[in-house]
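Scroll down for the structure; my scribbles are underneath it.
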Amino acid sequence: MHQFTPQRIMGLREHIVQAVKALLDARKNQYQLDLVQDFAYPLPVTIICRLLGVPPEDEPRFRVWSSALVRTLDPTESLSEAEVREATQSRTQMREYMEKLCATRRAHPQDDVFSGLVVGDDPNGRLPESDLLATMELLLIAGHETTVNLITNGMLTLLRHTDVLNRLRRNPDVLAIPTVEEVLRYDPPVQFRTRTTLTDVPIAGVTIPQGASVALLLAAGSRDPARFADPDRFWPERDDNEHLGFGGGDHYCVGAPLARLEAVTALKALARRLEAPRLDADPPPYRRNAALRGPEHLQVAFERLND
Ligand code: HEM
């Protein structure tokens, strides 16, 4: 948390705006884009590498490793042998890379998150080496595999609710933040997380025994009719929207401010710049992952790209 300072995140604002602009400008004179491949994936990846301190030329390797590792967030029984093998190989390769990067940053610290973690300028002291490597891996994977789905699920939902899209277009400064919050509740990128109970946990009239594996269905909680009015309605203007999109408690998402900033900037630009956007296929094809939900491709056609 100490490394994710508001100054550091806000310092990325202009880079995010410029990256969004460049990705959309690249579609000039074209009337279609794959929102995932052409926009929603490259954006957070560029930004996370810059924030953490991964040299841009090394990024393609992370793409391969992180898509293999992310499968391991699903229940083990749903993974094929090949997927387990690929994930194991990716973990080894990523770890070797990280060890070298740690050594370089230790010798020559820069103004980035990895240098801060390696040098250990945290008030609670330096992380042990194994925690350091695990944290670096987690940050890179989280930065690669989540915000892409927030932007894509957001645009998909807006294209299915064109009244909201038009309102966002007319009034981006008022509506962009609540729209992103509502996407996090209504179609969240992280559907569930798992835990192992350390003690007996009495909850809602049952006791979960110590040592049990528990799946926390965050997405279902965010649609609990006892908690949210009209939970299945996509309604950015709702009053009380304390969703579980970024988890809760001690493990609340470290990257939430960054993900919010990227998604707000992205959806504002998409709503303004794509003239008369429409979906080519609905539903789109989805990525094979139960824990992280989002389309693999989202083909969007439009009449022109506004400046
Ligand atoms: C839309 C994008 C994102 C969503 C929906 C999301 C969601 C979540 C959720 C639900 C958790 C809780 C996990 C748990 O309780 O087990 C979490 C934790 C975490 N997230 Fe994110 N995240 C996003 C983006 C990011 C980004 C961009 C980063 C990194 C820069 C990041 C880094 C982390 C880390 C390190 C944790 C673990 C915190 C801990 O265990 O203490 N996340 N995220």
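Ligands are counted one by one from 1 in listed order, and the atoms in each one are counted from 1 as well.
Among V84, T88, L79, the one residue that satisfies the side-chain contact (heavy atoms from CB on, under 4.5 Å) test with T72 is L79. Considering V148, V183, N149 as possible partners of P189, the one that fulfils the side-chain contact (heavy atoms from CB on, under 4.5 Å) test is N149.
Between F234 and H161, the ring planes are tilted. Angles from 30° to 60° get that label. In this structure, H144 and F62 have tilted ring planes: the angle between them lies in the 30° to 60° band.
Under a 4.0 Å criterion applied to the non-hydrogen atoms of T147, ligand 1 contributes the atoms 1 (C), 2 (C), 27 (C). When each atom of ligand 1 is checked for a heavy atom of G245 under 4.0 Å away, the hits are 5 (C), 7 (C), 10 (C). Taking every heavy atom of L150 and a limit of under 4.0 angstrom, the matching atoms of ligand 1 come to 1 (C). For ligand 1, the atoms closer than 4.0 angstrom to any heavy atom of R193 are 13 (C), 14 (C), 16 (O). Below 4.0 Å from some heavy atom of L218 lie the following atoms of ligand 1, by number and element: 10 (C). Shown in contact with F4 at under 4.0 Å from a heavy atom are these atoms of ligand 1, numbered in order with element: 30 (C).
Formation of a donor-acceptor pair under 3.5 Å by the T197 side chain with backbone atoms of A212 is found in this model. Side-chain atoms of R8 come within 3.5 Å of backbone N or O of Q3 as a donor-acceptor pair. A donor-acceptor pair under 3.5 Å is formed between the side chain of R238 and the backbone N or O of R233. Remark: side-chain polar atoms of E83 are paired, donor with acceptor, to backbone N or O of S80 under 3.5 angstrom.
Among all non-hydrogen protein atoms, the one lying nearest atom 34 (C) of ligand 1 is V254 CG2, 4.0 Å. Considering only non-hydrogen protein atoms, atom 31 (C) of ligand 1 sits nearest to A142 CB, 3.4 Å. The protein non-hydrogen atom at the shortest distance from atom 26 (C) of ligand 1 is G255 CA, 3.7 Å. Among protein heavy atoms, atom 23 (C) of ligand 1 sits closest to T146 OG1, 3.4 Å. Scanning the protein for heavy atoms near atom 4 (C) of ligand 1, the closest one is F246 CE2, 3.5 Å. Distance from atom 35 (C) of ligand 1 to its nearest protein heavy atom, with residue and atom name: L138 CD2, 3.6 Å. Of the protein's non-hydrogen atoms, the one nearest atom 15 (O) of ligand 1 is R195 NH2, 2.7 Å.
Counting heavy atoms under 4.0 Å from ligand 1, residue I48 touches it through the side chain alone. At a 4.0 Å heavy-atom cut-off, ligand 1 touches C253 through backbone and side chain alike.
Within the 4.0 Å heavy-atom cutoff, E262 does not count among the residues contacting ligand 1.
In this structure, R223 is positioned above the aromatic face of Y186, its NZ or CZ under 6.0 Å from the six-membered ring centre and within 45° of the axis.
Looking at ligand 1, you'll find an N or O of H251 within less than 3.5 Å of one of its N or O atoms. Between Y252 and ligand 1, a contact under 3.5 Å exists for no N or O pair.
Across D112 and L51, no two heavy atoms sit closer than the pair CB-O, 3.5 Å.
Looking at R126 and D131, no side-chain N of the basic residue comes within less than 4.0 Å of a carboxylate O on the acidic one, giving no salt bridge.
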